[in-house]
Every structure is written in C-alpha cells, then in structure tokens.
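Just below is one structure, and these are the notes that go with it.
Every chain is numbered from 1 and lettered A, B, ... according to where its sequence line falls, protein lines coming before strand lines.
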Protein chains: 2
Amino acid sequence: MESKQNTDNLTVIDEETLFVVSQTFKALSDPTRIRILYLLYQKECSVNEIAETVQLKQTTVSHQLRFLKNLRLVKFRREGTTIFYSPDDEHVMNTLKESINHASHM
Amino acid sequence: MESKQNTDNLTVIDEETLFVVSQTFKALSDPTRIRILYLLYQKECSVNEIAETVQLKQTTVSHQLRFLKNLRLVKFRREGTTIFYSPDDEHVMNTLKESINHASHM
DNA sequence: ATATTATATGATTATATGCTCATATATGTA
DNA sequence: TACATATATGAGCATATAATCATATAATAT
C-alpha cells in the first residue's frame with residue numbers, strides 16, 4: 001500500500017505501513033534483542049550459545065527469539081535437539097548495523 | 001567508543017552504544033512519534049498544527065515532542081507564542097524514511 | 001493589569017513490556 | 001522405556017510507556 005495525501009499536500013502514512021514500521025523498530029528498541037541480533041549477524045548460534053554469550057537465562061532468550069521469529073527477523077534450522085538461529089531480514093540487519101556504526105563513532 | 005572482541009572473536013557492543021541505539025529505535029517504535037516525525041520531515045509545524053494533522057490532543061503531542069527533543073531528534077524556533085518544530089537528525093530521518101518506503105512497497 | 005492564545009508540565013490511569021520460575025515439548029541415546 | 005539435553009511455553013510480577021486531565025507558564029495585545 002502506498003501513502004495518501006491530504007488537502008495540505010502532506011503525505012500521511014497508511015495504517016498498515018505504520019504498524020509494520022513501528023513493530024520493526026520496536027524489535028530494535030530493546031538492548032537484549034539488539035545484542036542477540038548483532039550476535040546472529042556475526043555467527044549462526046544455538047539458543048544456549050546466545051544465552052551464554054549475552055549472559056541471559058535460556059528462557060529469556062527463547063522468548064525474545066519467538067518475538068524476532070514472529071516478525072521474520074530471524075530464521076532457524078534444527079540439528080538434533082539443537083536449534084540454530086540466524087538473521088532473516090537483510091534490510092533490518094543493515095539498518096541495525098548502520099545505526100551501531102553511526103552511534104559508536106561519536 | 002568502539003566495540004570490543006571476546007575470546008570467540010565475536011564483536012560485542014559496548015554499553016554506551018547499546019543505550020544510544022536502543023533509545024533511538026525506541027523513538028521510532030511508537031506510531032504517534034512516527035506520524036509526528038514523518039510530518040515534520042515534510043513541513044516545519046507548530047504544536048497545534050501537528051495535533052490537528054495527526055488527530056491528537058495538544059498535550060499528547062507536547063509530551064512526545066519533549067521526548068524527541070531530549071533525544072535531539074527535533075529542534076524548534078519560537079515566533080511569538082507559536083513554536084515551530086522541525087527534524088534535527090539527518091541520519092535518523094533517513095532511516096525512518098527508508099523503512100517507510102521499504103514497508104510500503106510490500 | 002487583564003485577557004487571550006499557544007505550549008509545557010505534573011499526576012493519574014490503563015496497558016504494554018521484559019524477565020523469571022516452573023513446566024512442557026521434542027529429539028536423541030542407553 | 002527411561003533418561004538426558006535443548007528448547008519452548010504459560011503465568012506472575014515489577015517496571016515502563018502512552019494518553020489524558022487539570023493546570024502552569026510564556027508571549028502578546030488591549
């Protein structure tokens with residue numbers, strides 16, 4: 001869906017786009033999820049690997065992964081009892097990487 | 001501040017960068033703030049203009065503007081009793097615009 | 001000084017969010 | 001089957017967030 005214009009020639013964002021955009025940024029608004037995504041950006045990881053690396057409970061990581069999975073920001077593959085996660089949205093990962101670079105050079 | 005590396009050669013984001021990045025994305029995670037920013041991106045606006053355009057109470061807009069002002073995402077100038085707001089962070093505005101374009105072409 | 005207009009602030013309330021615990025599910029192995 | 005390991009889920013709690021109301025502040029005009 002494209003955006004519409006009102007009588008002042010101002011473009012207004014349609015509801016669906018607004019929802020998708022805000023949800024995507026919400027995913028990136030939490031330090032824990034940023035840590036997880038940035039880790040996966042560098043290396044495909046199992047749930048426990050993530051928990052150990054970012055120093056969080058396994059359940060916390062699992063809940064956050066479900067959140068990211070629902071937004072299709074990560075994908076996974078199974079290997080026995082282990083599940084490996086990796087990024088699944090190039091645009092969002094580029095946005096995150098850019099913002100980290102921008103913020104860390106200040 | 002730059003990021004460090006742990007023993008697995010994984011880059012870990014430093015706390016300050018993590019805070020700045022998450023705060024910035026938090027600003028973009030709320031539909032109301034997105035509407036306001038996207039409006040200001042197109043046209044410098046007074047508080048009441050914003051409230052009318054996005055159909056929100058004046059106080060709601062004022063609170064959100066304070067939030068955006070604290071993060072230096074918007075700036076303002078006074079003209080009598082009227083205060084005009086406009087964007088003040090090119091990088092964040094580009095990120096927002098890109099994401100809106102990306103989401104609206106799906 | 002008083003009134004008017006525009007904006008900002010503080011307190012309150014309802015809802016959302018993130019973490020944790022206990023437990024469930026799934027896969028592999030003895 | 002029974003057990004171990006890895007991951008997922010649901011409930012509860014503490015905190016954060018966004019909107020609203022009432023009110024305060026600031027600038028201007030009469």
Side-chain angles (χ1 to χ4, degrees), chain A residues 13 15 18-40 43-86 88, chain B residues 13 15 18-40 43-86 88:
Chain A
I13 310 169
E15 284 303 316
L18 194 62
F19 180 75
V20 172
V21 171
S22 62
Q23 279 295 107
T24 303
F25 284 128
K26 200 181 292 293
L28 303 178
S29 72
D30 177 65
T32 297
R33 286 192 291 269
I34 294 179
R35 276 206 182 92
I36 293 174
L37 283 173
Y38 194 63
L39 176 58
L40 298 181
K43 176 175 172 291
E44 185 191 48
C45 287
S46 71
V47 179
N48 275 334
E49 274 183 298
I50 297 171
E52 285 163 30
T53 308
V54 299
Q55 295 276 70
L56 289 167
K57 303 278 181 192
Q58 177 268 321
T59 48
T60 300
V61 173
S62 192
H63 278 299
Q64 296 294 12
L65 285 172
R66 178 165 62 170
F67 182 103
L68 298 171
K69 200 165 47 179
N70 287 341
L71 286 176
R72 298 180 192 280
L73 299 188
V74 298
K75 60 176 186 261
F76 62 94
R77 67 181 178 86
R78 179 182 283 278
E79 202 169 286
T81 60
T82 303
I83 298 185
F84 290 97
Y85 280 84
S86 56
D88 198 30
Chain B
I13 310 169
E15 284 302 317
L18 194 62
F19 180 75
V20 171
V21 171
S22 61
Q23 280 294 108
T24 302
F25 284 128
K26 199 181 293 292
L28 303 178
S29 73
D30 178 65
T32 296
R33 286 192 290 270
I34 293 178
R35 276 206 181 91
I36 293 174
L37 283 174
Y38 194 64
L39 177 57
L40 297 182
K43 177 175 172 292
E44 185 191 48
C45 287
S46 71
V47 179
N48 275 334
E49 275 182 297
I50 298 171
E52 285 164 29
T53 307
V54 298
Q55 295 276 71
L56 289 168
K57 303 278 181 190
Q58 177 268 322
T59 47
T60 299
V61 173
S62 193
H63 279 298
Q64 297 293 12
L65 286 171
R66 179 166 60 170
F67 182 103
L68 297 171
K69 199 165 47 179
N70 288 341
L71 285 177
R72 298 180 193 280
L73 298 188
V74 298
K75 59 177 187 263
F76 62 94
R77 67 181 177 85
R78 180 181 280 281
E79 202 169 284
T81 60
T82 304
I83 297 184
F84 290 96
Y85 281 84
S86 56
D88 198 30

_Integer-rounded Å distance: D:dT15 P and A:D30 CG_ = 17 Å
*Expressed in angstrom and rounded to an integer, what is the separation of A:L68 atom CG from D:dT7 atom P?*
16 Å
_So does B:V74 get a backbone contact from the side chain of B:R72, meaning a donor-acceptor N/O pair under 3.5 Å?_
no
*asked:* Closer than 3.5 angstrom, by distance alone: can the side chain of A:T24 be matched with the main-chain N or O of A:V20 as a donor-acceptor pair?
replied: yes
*C:dT17 OP1/OP2 closer than 4.0 Å to side-chain N/O of A:R33*: no
*Report yes or no: does B:S62 contribute a side-chain atom to a donor-acceptor pair with the main-chain N or O of B:T59 at less than 3.5 Å?*
no
*asked:* Check whether A:R33 reaches the backbone of A:A27 with its side chain - one donor and one acceptor, N or O, closer than 3.5 Å.
replied: yes
*What integer distance in Å separates A:F67:CZ from D:dT9:C1'?*
17 Å
_Does D:dT17 have OP1 or OP2 under 4.0 Å away from a side-chain N or O of B:Q64?_
no
*If only side-chain N and O atoms of A:R66 are considered, is one of them under 4.0 Å from the OP1 or OP2 phosphate oxygen of D:dT9?*
yes
*Among the nucleotides D:dT7, D:dA6, D:dA8, which one has an atom lying closest to any side-chain atom of A:K69?*
D:dA8
*Does A:H63 make a side-chain donor-acceptor contact with the base of D:dT7, cut-off 3.5 Å?*
no
*CD of A:E79 versus C1' of D:dA6: gap in Å, rounded?*
13 Å
*Heavy-atom donor-acceptor pair, A:R66 side chain to A:L68 backbone, under 3.5 Å*: no
*Short side-chain N/O contact from A:S62 to OP1 or OP2 of D:dA8, under 4.0 Å*: yes
*asked:* How many whole angstroms separate atom CZ of B:R77 from atom P of C:dT7?
replied: 12 Å
*For the side chain of B:Q58 and the base of C:dA6, is some donor closer than 3.5 Å to an acceptor across the two?*
no
*Whichever of A:L56 and A:R78 has its nearest DNA chain C nucleotide further upstream toward 5'*: A:L56
_What's A:F76 touching, base or sugar-phosphate or nothing? Going by heavy atoms closer than 4.0 Å._
nothing
_Nearest-angstrom distance from the residue atom CD1 of B:I83 to P of D:dA26_ = 11 Å
*asked:* Counting only side-chain heavy atoms from C-beta out, which of D:dT17, D:dA18, C:dT27 sits nearest to B:K26?
replied: D:dT17
_Matching residue for A:L65 among A:I83, A:I50, A:N70, A:L73 - test: side-chain contact (heavy atoms from CB on, under 4.5 Å)_ = A:I50
_Over all strands shown, is B:T59 touching base, sugar-phosphate only, or nothing at heavy-atom distances under 4.0 angstrom?_
base
*D:dA19 C1' sits how many Å from B:Q55 CD, rounded?*
15 Å
*Under 4.0 Å: is that the gap between some side-chain N or O of A:N48 and OP1 or OP2 of D:dT7?*
yes
*At under 4.0 Å, does any side-chain N or O of B:Y85 touch on OP1 or OP2 of C:dA8?*
yes
*Would you say D:dA19 has OP1 or OP2 under 4.0 Å from some side-chain N or O of B:T32?*
yes
*OP1, OP2 of D:dA19 versus side-chain N and O of B:T60: anything below 4.0 Å?*
no
*Over how many whole Å does the gap from A:L65 atom CG to C:dC19 atom P extend?*
12 Å
